[in-house]
Amino acid sequence: MAYQEWLEDYIPINERIIKMYSDYPDARIVTDVIELTDTRVTFRAKVYRTPDDPVPTTGHSYMNIPGTTSYTKGSECENAETSAVGRAIALMGYEIKKSIASREEIQSKQVEEGYEPAAKVSPKSYPTTL
């Protein structure tokens, strides 16, 4: 599958966030830098549906420094944070069509020779409380 075909049905993270807030107006997104070195940044995002949500969804993302594409070079922290948020929201089941990966993650992979996206995986439903 060609790179452009892979992005055809991609739902941007900002649209996932809008949909989540329309369903959960009291939701909140909390991000943390887990690692920041000269060569790598790692973010964690937690998404709480309600202020007292006992089981927030969590997403992680890292980015090598310097970024390898024009989309990531110079904005590695921003890309890693956005990707972590997108993953946490995707794990809630929002706007997953082909992958939970962010557009930026997919774009950064296009520079790798012979890259083909992973096979489509269907999300499973899990209980939202313990």
Side-chain angles (χ1 to χ4, degrees):
M1 177 182 300
Y3 168 72
Q4 288 302 326
E5 290 175 47
W6 181 250
L7 289 179
E8 240 173 57
D9 293 332
Y10 177 78
I11 306 299
I13 293 171
N14 65 316
E15 291 182 26
R16 296 181 200 180
I17 292 170
I18 290 167
K19 175 70 172 139
M20 181 203 62
Y21 279 128
S22 75
D23 291 344
Y24 298 99
D26 294 329
R28 65 187 168 107
I29 300 169
V30 177
T31 61
D32 299 295
V33 175
I34 297 176
E35 172 190 34
L36 179 57
T37 68
D38 290 342
T39 60
R40 182 169 149 143
V41 60
T42 304
F43 267 86
R44 172 181 52 218
K46 289 187 177 185
V47 176
Y48 297 83
R49 294 167 201 78
T50 61
D52 58 349
D53 187 348
V55 187
T57 59
T58 304
H60 293 84
S61 181
Y62 81 90
M63 179 95 19
N64 289 326
I65 299 173
T68 57
T69 71
S70 61
Y71 302 105
T72 59
K73 190 174 273 187
S75 59
E76 296 85 358
C77 288
E78 295 87 342
N79 279 283
E81 183 178 38
T82 300
S83 294
V85 169
R87 287 176 168 279
I89 293 172
L91 291 172
M92 293 172 68
Y94 281 98
E95 308 299 340
I96 302 171
K97 292 195 177 184
K98 293 184 179 180
S99 171
I100 66 170
S102 72
R103 178 179 291 265
E104 292 79 11
E105 288 176 88
I106 296 168
Q107 287 170 329
S108 70
K109 291 293 183 184
Q110 75 176 328
V111 299
E112 296 177 13
E113 188 174 329
Y115 172 73
E116 286 292 324
K120 183 176 178 181
V121 177
S122 298
K124 295 182 179 180
S125 295
Y126 293 97
T128 56
T129 59
L130 295 175

**Prompt:** side-chain contact (heavy atoms from CB on, under 4.5 Å) between V41 and N79: does it pass, once the steps are laid out?
**Reply:** CA-CA 10 Å; V41 60; N79 279 283; over 6 Å; no
**Request:** State, to 0.1 Å, how close Y62 and T42 come at their nearest heavy-atom pair, and which atoms those are.
**Result:** CB-OG1, 3.4 Å
**Message:** The criterion is side chain to side chain contact (heavy atoms under 4.5 Å, CB included); which residues satisfy it with A45, sequence neighbours excluded?
**Reply:** T31, A84, V85, A88
**Request:** Return the set of residues passing side chain to side chain contact (heavy atoms under 4.5 Å, CB included) with D26 (not counting sequence neighbours), or none when no residue passes.
**Result:** P51
**Asked** Does any pair with a residue in residues 66-78 pass salt bridge (charged side-chain N to carboxylate O under 4.0 Å, His left out), and if so which ones, sequence neighbours excluded?
**Response** none
**Request:** Please go through Y48's hydrophobic cluster and name the other residues, only I, L, V, M, F, W, Y counting, with side-chain heavy atoms under 4.5 Å joining them.
**Result:** V30
**Prompt:** Who passes side-chain hydrogen bond (donor to acceptor under 3.5 Å, both in side chains) against S70, sequence neighbours left out?
**Reply:** none
**Request:** Return each pair, listed once, that meets salt bridge (charged side-chain N to carboxylate O under 4.0 Å, His left out) where at least one residue sits in residues 37-46; pairs must be two or more places apart or across chains.
**Result:** D32-R44, E35-R40
**Request:** Would you name the heavy atoms of G59 and R87 that are closest together and state the gap between them?
**Result:** CA-CB, 4.1 Å
**Item:** Linked hydrophobic residues, I34 as query - side chain contacts closer than 4.5 Å
**Value:** none
**Prompt:** Where the side chain of R49 meets the backbone of V55, is there a donor-acceptor pair that is under 3.5 Å apart?
**Reply:** yes
**Closest approach of T82 to I13 (non-hydrogen atoms, all atoms of both residues)** = O-CD1, 3.3 Å
**Asked** Shortest non-hydrogen contact from M92 to Y24?
**Response** CE-CE1, 3.9 Å
**Prompt:** Among all residues two or more places apart in sequence or in another chain, which pass the side-chain hydrogen bond (donor to acceptor under 3.5 Å, both in side chains) test with T58?
**Reply:** none
**Request:** Applying side-chain hydrogen bond (donor to acceptor under 3.5 Å, both in side chains), name anything that partners S22, two or more places apart in sequence or on another chain.
**Result:** none
